[in-house]
K.L.:
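I have a structure I would like to understand better, so I am pasting it below and will then ask my questions one at a time.
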Amino acid sequence: MELKSSTYKDLIAWQKSIALVTDVYSLTKKFPIDERYGLVSQLNKAVISVPSNIAEGWGRELSKNYLQFLRIARGSLMEVETMVLISKNLNFISEKEFIETQNKIEEVGKILQGLIKSINQKIRNLNVA
C-alpha cells in the first residue's frame, strides 16, 4: 500500500464496504414495516458508518486519528454483524441471506484489519525515522 492513495475511493476496504451498504439496504427493504424505526434504522446507520469512517479517516492522512476512524469503522462492522444475526434469528432474513452477508462482513473485516495493521506500521516507521 502506498503512503497515500490518490483518493479513499481507491481503498479496497472502502469499495467492499460500499457494496455491503447496498446489500444491507436491499435486505432491510424486506423487513416488517414496524421495524422501520428500530432494527432497520439501526442496521442502516451502522452499515453506512463503515465506509464513512474509512473515508473520514483517510482525510486525516497518516496519523493516529486515521487509525481511530478505521477502528470505529471496524466497530460499526461488528454492530452490523450482530444485527444481521439478530435479523436471521427473528426470521427477517433467510439462512442463505445470512450466510452471504456474513461472508461479506468477514471479508470487509479482514481487509479493514489489514489496512489498520498497515497504517499502524507506517506510523511506527515514521516515528522511528
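Atom set for the values below is all heavy atoms of this structure, side chains included, hydrogens, waters and symmetry mates excluded. We're numbering straight along the sequence, starting at 1.
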K.L.:
Which heavy atom in Trp58 sits nearest to a heavy atom in Thr7, and how many Å separate them?
P.N.:
CZ2-CA, 3.5 Å

K.L.:
Please report the closest heavy-atom contact between Tyr66 and Ile54, naming both atoms and the distance.
P.N.:
CE1-O, 4.3 Å

K.L.:
In this structure, would Leu67 and Val108 fall into the same cluster of hydrophobic residues linked by side-chain contacts under 4.5 Å?
P.N.:
yes

K.L.:
Minimum heavy-atom separation for Phe69 to Gly57, with atom names?
P.N.:
CB-CA, 3.5 Å

K.L.:
Within the structure provided, determine whether Lys88 and Leu85 are in side-chain contact (heavy-atom separation under 4.5 Å).
P.N.:
yes

K.L.:
Which value, rounded to the nearest 0.5 Å, describes the distance between Glu79 atom CD and Gln42 atom CD?
P.N.:
7.5 Å

K.L.:
Could you check whether any side-chain heavy atom of Val21 comes within less than 4.5 Å of a side-chain heavy atom of Val50, counting everything from C-beta outward?
P.N.:
no

K.L.:
Would you name the heavy atoms of Arg36 and Val40 that are closest together and state the gap between them?
P.N.:
O-CB, 3.8 Å

K.L.:
What is the minimum heavy-atom distance between Leu43 and Ser87, and which atoms define it?
P.N.:
CD2-OG, 4.1 Å

K.L.:
Are Ile12 and Ile18 connected, step by step, through hydrophobic side chains (Ile, Leu, Val, Met, Phe, Trp, Tyr) whose heavy atoms are closer than 4.5 Å?
P.N.:
no

K.L.:
Any chance you could measure Lys29, atom NZ, to Asn44, atom CG, to the nearest 0.5 Å?
P.N.:
10.0 Å

K.L.:
Could you tell me whether the side chain of Thr28 and the main chain of Tyr25 form a donor-acceptor pair under 3.5 Å?
P.N.:
yes

K.L.:
Search all heavy atoms of Pro51 against all heavy atoms of Trp14 and return the closest pair with its distance.
P.N.:
O-CD1, 3.3 Å

K.L.:
Verify side-chain contact (heavy atoms from CB on, under 4.5 Å) between Gln68 and Arg60, making sure each step is shown before the conclusion.
P.N.:
CA-CA 10 Å; Gln68 183 60 23; Arg60 307 294 175 130; over 6 Å; no

K.L.:
Should Ile111 and Ile48 be counted in the same cluster of Ile, Leu, Val, Met, Phe, Trp and Tyr side chains packed under 4.5 Å apart?
P.N.:
no

K.L.:
Is the backbone of Ile72 close enough, under 3.5 Å, to the side chain of Ser76 for a donor and an acceptor to pair up by distance?
P.N.:
yes

K.L.:
Roughly how far, to the nearest 0.5 Å, is the CZ atom of Phe98 from the CD1 atom of Ile86?
P.N.:
11.0 Å

K.L.:
Any side-chain hydrogen bond (donor to acceptor under 3.5 Å, both in side chains) involving residues 99-112? Give me the pairs, sequence neighbours left out, ordered by first then second residue.
P.N.:
Lys16-Glu107, Asp23-Lys104, Glu81-Gln102, Lys96-Glu100, Gln102-Glu106

K.L.:
Among Lys117, Arg124, Lys122, find the residue that satisfies the side chain to side chain contact (heavy atoms under 4.5 Å, CB included) test when tested with Asn120.
P.N.:
Arg124

K.L.:
Any chain of hydrophobic side-chain contacts (each under 4.5 Å) joining Leu11 to Ile116?
P.N.:
yes

K.L.:
Would the distance check show the side chain of Ser118 and the main-chain N or O of Gly114 forming a donor-acceptor pair, the cut-off being under 3.5 Å?
P.N.:
no

K.L.:
Looking at Pro32, is its backbone amide N or carbonyl O close enough to the side chain of Glu35 to form a donor-acceptor pair, meaning the two atoms are under 3.5 Å apart?
P.N.:
no

K.L.:
Going hydrophobic residue to hydrophobic residue with side-chain gaps under 4.5 angstrom, can you get from Leu20 over to Tyr8?
P.N.:
yes

K.L.:
How many angstroms lie between atom OG1 of Thr22 and atom CG of Leu27, to the nearest 0.5 angstrom?
P.N.:
11.0 Å

